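Data first, discussion second: the structure below is written as structure tokens.
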Amino acid sequence: SKSCLDRIEALWDLVDSDNDELIDQEEMDRVAWMSILPVGEALKKLVNAVVESHHMHVESEENLGWRQRRREKKAKEIFKKNFGKAVTRHFDIEAETPHRLRCLYAWAEKKHQAGKVKSVLIDSGSIVGRKRYVELNPKISFEEFRSTKNEIFTEIERVGEEFVSSFREDLHVIQGKGRQNRELKRDCLIGLGVLAVGDIIIMML
């Protein structure tokens, strides 16, 4: 299976409309998020499927009373909801992806335009013969992105693992807050078991 960097490189080529192997900062941000968000959505579907196919409180739902069925359903909904929150929050807030991408672009040794802003004279488009200056920021290559990423944003190399690790930490926090609550503790332990199943498939994402 392809790595996260292979996916980024493929998306880089896709976004590079003029085939010069260079893209601007906005396009670089788009490539990064395009490599992250689908993995999160895939993991949510995977976790939902695993949770629905396993019991969290009982071995079987046969001959269960309505209270037990309700308890089982509620535990699954809470687990799936918390995982969804972790996926939504991790790269945007915890990993500070917008900030890291800004730093990555700013610190990269960009050869294009010698790494400097270039002023270009173009037609204004309003009055015939009228021209105006626009500033063009230097573009960045995939190799420049990759080398700088190693110092600033290594998390993007292991997107699936980052999502799962973040949620595992959330479960430990929940467990720590409710050590006197045996039901909650059991849910957390079962949840970690569900994640163990997901870990097997992480390398496929």
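All values below were derived from every heavy atom in this structure, side-chain atoms included, with hydrogens, water molecules and symmetry-related copies excluded. The shown structure was predicted, so the numbers you read here are calculated from the model rather than taken from an experiment.
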TODO: Assert yes or no for the condition that the ring centre distance of F91 to F163 is strictly below 6.0 Å.
DONE: yes
Task: Within-4.5 Å side-chain heavy-atom neighbours: I140 and T148 - done: no
Task: Intermediate values then yes/no, salt bridge (charged side-chain N to carboxylate O under 4.0 Å, His left out), K74 and E77 - done: CA-CA 5 Å; K74 182 178 180 181; E77 290 301 321; over 6 Å; no
Task: F153 ring center within less than 6.0 Å of F145 ring center - done: no
Open item on the list: Tell me whether Q25 contacts the main-chain N or O of N137 through its side chain, where contact means a donor paired with an acceptor under 3.5 Å.
Closed with: no
Task: D6 side chain vs A10 backbone, donor-acceptor pair below 3.5 Å - done: no
TODO: Taking R89 for its side chain and E94 for its backbone only, find out whether a donor-acceptor pair lies under 3.5 Å.
DONE: no
- [ ] Inspect the surroundings of CZ in R30 and state if more than 12 heavy atoms from other residues, nucleotides or ligands are less than 6.0 Å away.
- [x] yes
Open item on the list: Is any side-chain heavy atom of L43 closer than 4.5 Å to one of F83?
Closed with: yes
Open item on the list: Given 3.5 Å as the limit, does a donor-acceptor pair link the side chain of D16 with the main chain of E21, or not?
Closed with: yes
Open item on the list: Is there a side-chain contact between V31 and I23 in this structure, where contact means two heavy atoms from C-beta onward sitting under 4.5 Å apart?
Closed with: yes
Task: Under-4.0 Å salt bridge between E72 and R69 - done: no
Task: hydrophobic_cluster_shared for I152 and L5, side chain cutoff 4.5 Å - done: yes
- [ ] Using modelled atom types only, decide if a donor and an acceptor are shared between the side chain of S166 and the backbone of E162 within a distance under 3.5 Å.
- [x] no
Open item on the list: Any non-hydrogen side-chain atom of K139 less than 4.5 Å from a side-chain atom of D20?
Closed with: yes
Open item on the list: Using a strict threshold of under 4.0 Å (side-chain N to carboxylate O), is an ion pair present between K149 and E157?
Closed with: yes
Task: Over 12 foreign heavy atoms within 6.0 Å of CD, E52 - done: yes
Open item on the list: If you define the side chain from C-beta out and look only at heavy atoms, does anything of F167 sit under 4.5 Å from H90?
Closed with: no
- [ ] Salt-bridge test for E143 and R146: reply yes if a basic N is under 4.0 Å from a carboxylate O, no otherwise.
- [x] yes
Task: Same cluster (ILVMFWY, side-chain, under 4.5 Å), L101 and W107 - done: yes
